[in-house]
There are 2 protein chains.
Amino acid sequence: MSEATLKKPHHHGNLREALVLAGLQLLEEGGPEALTLRRCAALAGVSHAAPAHHFDGLPGLRKAIADEGFRRFRNYMVDAEVLGEQTDRGRLKSITRGYLNFARDNRALFLLIFGYDLTGSRDSHADAGHFAYDPLRRCCAPFVPKGVAPEVIEAQVWSLAHGFASLYLAGRFWSSASDGLFDAVMTLLDGVGATAGVGTAGLGTAGLGKGGETA
Amino acid sequence: MSEATLKKPHHHGNLREALVLAGLQLLEEGGPEALTLRRCAALAGVSHAAPAHHFDGLPGLRKAIADEGFRRFRNYMVDAEVLGEQTDRGRLKSITRGYLNFARDNRALFLLIFGYDLTGSRDSHADAGHFAYDPLRRCCAPFVPKGVAPEVIEAQVWSLAHGFASLYLAGRFWSSASDGLFDAVMTLLDGVGATAGVGTAGLGTAGLGKGGETA
DNA sequence: TGGGCAACTTGACACTGTAAAGATCAACTC
DNA sequence: GAGTTGATCTTTACAGTGTCAAGTTGCCCA
């Protein structure tokens with residue numbers, strides 16, 4: 001009578017969630033290559049074809065895992081923001097620190113999350129990413145100068161943090177002690193929103209390409 | 001008698017190079033997933049097991065392709081540098097433009113190149129990447145303040161360019177017309193080497209982690 | 001009670017990388 | 001020149017992968 005599955009009922013209950021958790025475990029233990037429909041199924045104790053039924057193939061499973069990954073990603077950033085220095089610039093730097101920490105602690109998941117090409121797709125995946133970047137967007141807001149599209153400032157911070165995290169994961173920053181390097185690189189953000197060029201390069205909202213310039 | 005292979009000699013000649021070219025073609029036509037040992041073999045007109053003999057497996061083939069990719073990557077940057085405005089800052093921006101252009105024109109190859117984790121490996125692959133980043137390093141040199149390690153400035157430029165390119169490839173920059181956004185983001189570089197924070201955050205060569213700070 | 005239906009299982013197929021063993025051919029040695 | 005050696009490539013086989021089609025199970029509701 002207890003809700004425990006004494007005899008492994010044919011209907012798993014919430015196999016969907018179990019498969020996502022199994023996938024996350026596989027990623028953590030064996031890297032990106034280890035994520036496999038059949039291995040997920042085995043880890044969840046179901047037949048090899050069960051995952052495909054729930055997620056409509058491997059891409060679907062990866063997307064479901066990425067959605068959960070974005071959730072955790074967001075938590076990393078928010079946690080870092082709350083713990084760090086409570087100034088506008090302090091929050092901005094804390095967010096980028098959380099960005100790097102997530103990438104470092106969840107290497108395979110980070111790579112999975114950004115391994116998609118969602119150009120032209122307006123599905124729930126894009127929404128998950130959008131949701132995850134909410135804190136970053138919020139922390140960028142105080143640095144948006146008059147007449148400049150917020151997306152420009154966000155893209156600056158985002159690119160810098162993402163680039164550093166990606167190159168770090170690829171092992172392109174020499175030795176392991178990159179904490180000092182990270183802080184040094186992020187000093188570039190001290191000029192964000194106040195750099196001389198921001199006002200002069202003719203970037204209003206038109207800079208986003210929403211305007212006429214189709215070239 | 002002509003050097004043409006009228007009867008397909010058993011010894012291909014330079015199968016190694018042919019396989020790398022086949023791999024590049026597959027990447028271009030079918031994306032990262034299309035790169036396969038067996039497909040490379042078929043495209044080069046040899047048996048399916050031939051590539052493994054030359055490259056010691058798929059990772060070896062990917063590495064060989066990445067080496068060639070880095071060569072082309074470097075050319076992109078150098079070409080952009082030569083064509084652009086001939087000032088220190090002009091060259092710096094041109095390099096980053098070349099960076100993005102390469103990523104855009106060689107999506108799968110770009111992803112392949114940076115898809116490795118070469119932490120702890122000091123093989124020829126690291127050398128290829130090192131070689132490719134030579135122009136970028138050179139263009140950063142004029143912006144390195146006294147007492148700051150060159151690697152810090154390089155990592156700033158590198159991270160910003162790489163982050164933007166990666167996020168662009170992932171389709172995270174909304175619409176297609178991101179040229180304006182790119183220029184806007186790169187205005188952050190107008191403060192490189194001269195940002196207020198660079199002098200104040202205590203980053204000498206110690207910032208690289210080569211010094212004592214092991215935390 | 002029985003039908004409907006979603007949740008799985010079973011079996012098969014094409015494709016993948018890898019390994020072992022055999023064939024072919026150029027070059028070198030005696 | 002005959003024999004040997006070794007690299008290059010082929011053939012064969014195997015385990016693992018995603019995907020599809022068909023079958024089975026068991027819950028739910030009329």
Side-chain angles (χ1 to χ4, degrees), chain A residues 1-27 29-66 108 111-112 115-117, chain B residues 1-23 25-27 29-66 108 111-112 115-116:
Chain A
M1 284 307 155
S2 68
E3 74 271 342
T5 62
L6 290 175
K7 246 192 144 188
K8 180 179 165 183
H10 258 196
H11 286 49
H12 181 286
N14 54 354
L15 180 54
R16 209 187 149 83
E17 187 180 350
L19 287 170
V20 169
L21 290 177
L24 287 166
Q25 181 180 341
L26 286 172
L27 281 177
E29 292 174 355
E33 317 288 288
L35 179 60
T36 282
L37 282 179
R38 292 172 113 104
R39 273 206 266 251
C40 270
L43 205 58
V46 291
S47 80
H48 71 265
H53 178 263
H54 275 273
F55 299 103
D56 194 34
L58 182 59
L61 174 60
R62 290 166 54 91
K63 191 164 83 164
I65 293 177
L111 295 176
L112 174 69
Y116 288 101
D117 175 24
Chain B
M1 283 308 157
S2 66
E3 74 272 343
T5 63
L6 291 174
K7 251 192 139 186
K8 182 180 166 181
H10 260 196
H11 285 52
H12 179 287
N14 54 354
L15 180 56
R16 206 186 151 83
E17 189 180 349
L19 287 170
V20 169
L21 290 177
Q25 182 181 339
L26 286 173
L27 281 177
E29 293 175 354
E33 317 287 290
L35 178 60
T36 281
L37 281 179
R38 292 171 113 106
R39 272 205 267 249
C40 269
L43 205 58
V46 292
S47 80
H48 72 265
H53 177 262
H54 275 272
F55 299 103
D56 194 33
L58 182 60
L61 173 63
R62 289 166 56 91
K63 190 164 83 166
I65 293 176
L111 294 176
L112 173 69
Y116 288 103

message: Tell me the closest heavy-atom pair linking Pro32(B) and Leu111(B), and the distance in Å.
response: CG-CD1, 4.3 Å
statement: Residues at least two apart in sequence or cross-chain that pass side chain to side chain contact (heavy atoms under 4.5 Å, CB included) with Leu26(A), listed by chain then number, are Arg39(A), Cys40(A), Leu43(A)
message: Between the base of dG18(D) and the side chain of Arg38(A), is there a donor and acceptor pair under 3.5 angstrom?
response: yes
Please produce a list of atom pairs where a protein N or O lies less than 3.5 Å from an N or O of nucleotides 19-22 of chain C.
none

message: If the cut-off is 4.0 Å, is His54(B) near the phosphate of dC9(D), judged by side-chain N/O to OP1 or OP2?
response: yes
- prompt: Rounded to whole angstroms, how far apart are CD on Glu33(A) and C1' on dG18(D)?
  reply: 15 Å
field: side chain to side chain contact (heavy atoms under 4.5 Å, CB included) partners for His54(A), two or more places apart
entry: Leu15(A), Arg16(A)
field: Selection: residues 14-22 of chain A, any non-hydrogen atom under 4.0 Å of DNA chain C
entry: Leu15(A)
- request: Give the nucleotide from the list dT16(C), dC8(C), dT9(C) with an atom nearest to the side chain of Thr36(B).
  value: dT16(C)
Candidate pair Leu37(A) and Phe55(A), rule side-chain contact (heavy atoms from CB on, under 4.5 Å), full reasoning: CA-CA 10 Å; Leu37(A) 282 179; Phe55(A) 299 103; 5.8 Å; no
- request: For Arg62(A) and dT19(D), give me the distance from atom CZ to atom P, rounded to whole Å.
  value: 11 Å
task: Sequence neighbours left out, what passes side chain to side chain donor-acceptor pair (under 3.5 Å) with Glu33(A)? Give chain and number order.
output: none
field: Under-4.0 Å side-chain N/O to phosphate OP1/OP2 contact, Arg39(A) with dT17(D)
entry: yes
